[in-house]
Amino acid sequence: MSARSPFYITTAIPYANGAPHIGHAYERIAADAIARFKRLDGFDVLFVTGMDEHGQKMQRTAAHEGQTPQQLADRTAAQFAAMGTALFAGADDVVRTTQTRHHAAARELWTRMAAAGDIYRSKYPGWYSVRDEAFFDESELIEGPGGTLLAPTGAPVEWVEEESYYFKLSAYRDRLLKLYRDSPDFVTPEKYRNEIVAFVERGLTDLSISRSTFDWGIPVPGDARHVMYVWVDALANYITATGFPDPEALRQKFWPASAHVIGKDITRFHAVYWPAFLMSAKLALPRQIVVHGFLFNRGEKMSKSVGNVIDPLALARHYGADQLRYFLLREVPFGQDGTYSHEAIVNRINADLANDLGNLAQRCLAMVARNCGGILPAPAALSEADQALLAQAAALPAKSRAAMQDYALHMVLTGIWRVAGEANRYFASEEPWVKRKNDPPRMQTILYVTAEVLRMVAIMTQPFMPASMEKLLGLLSVPENARNFVDAEIAQGLVAGTLLPLPAPVFPRYIDAEEHLLKKGLT
RNA sequence: GGCGGAGUAGCUCAGCCGGCUAGAGCAGAGGAAUCAUAAUCCUUGUGUCGGGGGUUCGAGUCCCUCCUCCGCUACCA
């Protein structure tokens, strides 16, 4: 058994006090597509997500709804699990911070940081907002009615001096800068790396990493009056999943992680705090922090007050999970912010999926069904056009890998669709429906070549639209064990003489309800 | 204020170290074909490349300056 390289990829762990929204869906889909890509490319993949279930906000939300924090956590975890299933983006494991295994991992991480002399106890004084669960600098405060001081969010603040454990983050400035220098792509895209470097260069102050004002959390080793504040607790989930601290754990080989996929708002925690914690605990550092942008509905930020909060499950149900996945990964350059709208989604579904790819498959396979008795014909000698097209398709694995090096998912899809477009031009100019009458062997070759290109395109598209491509590869009678990227590097992978199933459309066109009625003459 | 990014066809954007007549996709217009999910193919753009100045034989592509937008500037899960 050859040792396949391990590839460990994670999403951030959502805070468990609310239902999933489109941002969670986007991150999960992107990470899932990367995981599938690597798996099809021969890697031994571990794909992990999780839930951040501790903290004062959990306690408060739960109390407000008359349940225990654990009940709230369970409910939210179930919602996220359902989202994973509905989006074809279920992970291999879900680390919930309330799990015993996670408590063990977080406590061990803390203990090692303490053993390194990086944790000390001190006072944490300042203006505290219970509602925001955060301290604010005096300069940030705003004046409220009657001259009272309020947090920037408008929440009331009070002066407190809380005892807290601190992490000596300040001591890690130079080591972090060296990390960014030695691994220039530790944070990607570059834009975020630059921000992080600038931030660290300004100098770091120590980090408060425990709280004693609430108790819904992991007790600090040796001081049960404190629980770990979010940083140590939540970030530790990434090592929990690999079985840490058990050196015998089967998943130990997956650490260090290959990629932590996160939203741009939490870049600092992953690119500064996390590597510092790991250095302190003398653990290996993750290979890369992969930052993605935000999604906006018609350019507007999603918010409850505007009333444009979208349930990702509703979107998946309405457009189809694969269609939604394709739209998000194709339309938004990965790493940048993006916008979505009904019109844009419909345009992608119809132009790219139904027309470019779906229709190409249908016209090719329908001709095989009608003119070749449903049996994949054998090609005669290949023309220059045949070979050129096949070569373009066979080059997709290498091109896709190159784009994936920078996690440019949209570029991978752009490259695949360029080949699909090429195949459409090929099919139109070769006119197999004319050859049917005057040169049947040539028609057979054209159909074979087109089917072959469809096979390679389908294999490469699997990470993005797993269900639809399973269907298309089934229509081409491609065996389950011949659907990896290496199989797309070989032209003429289809076996002539194979009986193909009856063709059926893979991507239906999206027709608006009103338009649908118009077509039926029901208006 | 400081640091960084962006301003290119109606829309979304490519354009690396300066060089032949500034590109792609989508949308729009015209045409061809009819195998196919009314799908496909071909043709079609008078764009001040944010404004101004400069360097150069030659500048979206380098320098200066101005305008506009955005991100970061410490503990918002």
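Just so it is clear, the model here is predicted, and its values are computed rather than measured. Every chain is numbered from 1 and lettered A, B, ... according to where its sequence line falls, protein lines coming before strand lines.
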Checking N1-N3 plus N6-O4 or O6-N4 for Watson-Crick, or N1-O2 and O6-N3 for wobble, each under 3.5 Å, the partner of B/A33 is none

Which whole-number value in Å describes the distance from A/F427 CZ to B/C35 P? 11 Å

Looking at B/A24, I'd like to know if its phosphate oxygens (OP1 or OP2) sit under 4.0 Å from a side-chain N or O belonging to A/R418. no

For B/C72, what is the paired nucleotide under Watson-Crick or G-U wobble rules, both distances under 3.5 Å? B/G2

In whole Å, what separates the C1' atom of B/C62 from that of B/U68? 23 Å

Between B/C57 and B/C72, how many Å separate the two P atoms, rounded to a whole number? 44 Å

Gap in Å between the two P atoms, one belonging to B/G18 and one to B/G2, rounded: 29 Å

Is the distance between the ring centroids of A/Y510 and A/Y319 under 6.0 Å? yes

Contacts under 3.5 Å, N or O only, protein and nucleotides 1-4 of chain B:
from, atom 1, to, atom 2, distance (Å)
B/G2, N2, A/R202, NH2, 3.1

Could you check how far CZ of A/R363 sits from P of B/A33, rounded to whole Å? 15 Å

Residue pairs involving residues 190-209 of chain A (criterion salt bridge (Lys or Arg N to Asp or Glu O under 4.0 Å); sequence neighbours excluded): none

Have a look at B/G47 and give me syn or anti from its glycosidic angle (syn if within 90° of zero). anti

Do the rings of A/H21 and A/H24 sit parallel, tilted or perpendicular, given the 30° and 60° boundaries? tilted

Just the atom pairs and distances: protein N or O near nucleotides 25-32 of chain B's N or O, under 3.5 Å.
from, atom 1, to, atom 2, distance (Å)
B/C26, O2', A/N347, ND2, 3.1

Report the residue (A/C364 or A/N17) whose heavy-atom-nearest nucleotide on RNA chain B is the more 5′ of the two. A/C364

Give the C-alpha distance, both sets of side-chain angles, the deciding distance and a yes or no for salt bridge (Lys or Arg N to Asp or Glu O under 4.0 Å) between A/E163 and A/R121. CA-CA 7 Å; A/E163 186 180 70; A/R121 200 167 64 184; 3.5 Å; yes

A/G293 near the nucleic acid: base, sugar-phosphate alone, or nothing, with a heavy-atom cut-off under 4.0 Å? nothing

Which atoms of nucleotides 10-12 of chain B (N or O only) lie under 3.5 Å from a protein N or O atom, and what are those distances?
none

Which whole-number value in Å describes the distance from A/N424 CG to B/C41 C1'? 9 Å

Which whole number of Å gives the distance between the P atom of B/C11 and that of B/C49? 16 Å

With both distances under 3.5 angstrom, what nucleotide forms a Watson-Crick or G-U wobble pair with B/A24? B/U12

Euclidean distance, atom CZ of residue A/R509 to atom C1' of B/A39 [Å, nearest integer]: 7 Å

Name all residues meeting the ring pair (Phe, Tyr, Trp, His ring centres under 6.0 Å) criterion together with A/Y192; count only those two or more places apart in sequence or in a different chain, and write none if there are none. none

Expressed as a whole number of Å, how far does the C1' atom of B/G28 sit from that of B/U55? 42 Å

Which is true for A/P432 with a 4.0 Å heavy-atom rule: it touches a base, it touches only sugar-phosphate, or it touches nothing? nothing

Using a 4.0 Å heavy-atom cut-off, does A/I13 contact any base of the nucleic acid, only the sugar-phosphate backbone, or nothing at all? nothing

Between A/N355 and A/I209, which has a closest nucleotide on RNA chain B that is more 5'? A/N355

For A/L169 and A/T205: C-alpha separation, side-chain torsions, deciding distance, then whether side-chain contact (heavy atoms from CB on, under 4.5 Å) applies. CA-CA 6 Å; A/L169 184 65; A/T205 60; over 6 Å; no

Measuring only the C1' atom in each nucleotide, how far is B/G52 from B/U12? A whole number of Å is fine. 29 Å

With a cut-off of 3.5 Å and sequence neighbours excluded, list every side-chain donor-acceptor pair involving residues 269-281 of chain A.
from, atom 1, to, atom 2, distance (Å)
A/H270, ND1, A/I266, O, 3.1
A/H270, NE2, A/Y238, OH, 2.7
A/W274, NE1, A/H260, NE2, 3.2
A/S280, OG, A/D118, OD2, 2.6

From CD of A/Q362 across to C1' of B/A39 the rounded distance in Å is 10 Å

Cation-pi check for A/Y326 against A/R330: NZ or CZ below 6.0 Å from the six-membered ring centre and within 45 degrees of the axis, yes or no? no

Ring-plane angle category for A/H54 and A/W216, please: parallel below 30°, perpendicular beyond 60°, tilted otherwise. perpendicular

side-chain contact (heavy atoms from CB on, under 4.5 Å) partners of A/S477, counting only residues at least two apart: A/T498, A/L500, A/P501

Between C1' of B/G5 and CD of A/E190, the distance in whole Å: 11 Å

For A/E331, enumerate each residue passing the side-chain hydrogen bond (donor to acceptor under 3.5 Å, both in side chains) test, keeping only those at least two apart in sequence or located in another chain. A/R348

Considering only atom P, compute the distance from B/C16 to B/G54 and round it to an integer number of Å. 24 Å

Between atom CZ in A/R173 and atom C1' in B/A74, what is the gap in whole Å? 14 Å

Give the table of side-chain donor-acceptor pairs shorter than 3.5 Å for residues 353-375 of chain A, with sequence neighbours excluded, one pair per line with atom names and distance.
from, atom 1, to, atom 2, distance (Å)
A/N355, OD1, A/R509, NH1, 2.8
A/N355, ND2, A/N350, O, 3.3
A/R363, NH1, A/N424, OD1, 3.4
A/N371, ND2, A/M367, O, 3.1

Give one of base, sugar-phosphate or nothing for A/I266, where a contact means two heavy atoms less than 4.0 Å apart. nothing

May I ask you to establish whether A/R211 and A/Y229 are in a cation-pi arrangement, using a distance under 6.0 Å from NZ or CZ to the six-membered ring centre and at most 45° from the ring axis? yes

Looking for any heavy atom pair under 4.0 Å, which part of the strands does A/Y192 touch: base, sugar-phosphate only, or nothing? nothing

Quote, to the nearest angstrom, the C1' distance that separates B/A24 from B/U8. 13 Å

Base, sugar-phosphate alone, or nothing: which one does A/V434 contact when heavy atoms must sit under 4.0 Å apart? nothing

Would you say the side chains of A/T97 and A/E53 form a donor-acceptor pair under 3.5 Å? no

Rounded off to whole Å, could you give me the CG-to-C1' distance for the A/N359 and B/U34 pair? 12 Å

Checking B/C35, B/U37, B/C76 against the side chain of A/P505 (C-beta onward), the nearest is B/U37

side-chain hydrogen bond (donor to acceptor under 3.5 Å, both in side chains) against A/S468, all qualifying residues, sequence neighbours excluded: A/D322

Hey, can you pull the residues of residues 437-447 of chain A with a non-hydrogen atom under 4.0 angstrom from RNA chain B? none

Both distances below 3.5 Å, Watson-Crick or wobble geometry, any strand: find the nucleotide opposite B/G19. B/C57

Only pairs under 3.5 Å count here: list side-chain donor-acceptor contacts from residues 410-419 of chain A, not counting sequence neighbours, and write none if there are none.
from, atom 1, to, atom 2, distance (Å)
A/H410, ND1, A/F334, N, 3.2
A/T414, OG1, A/H410, O, 2.7
A/W417, NE1, A/D352, O, 2.9

Which class fits the ring pair A/Y166 and A/Y120: parallel under 30°, tilted 30 to 60°, perpendicular over 60°? parallel

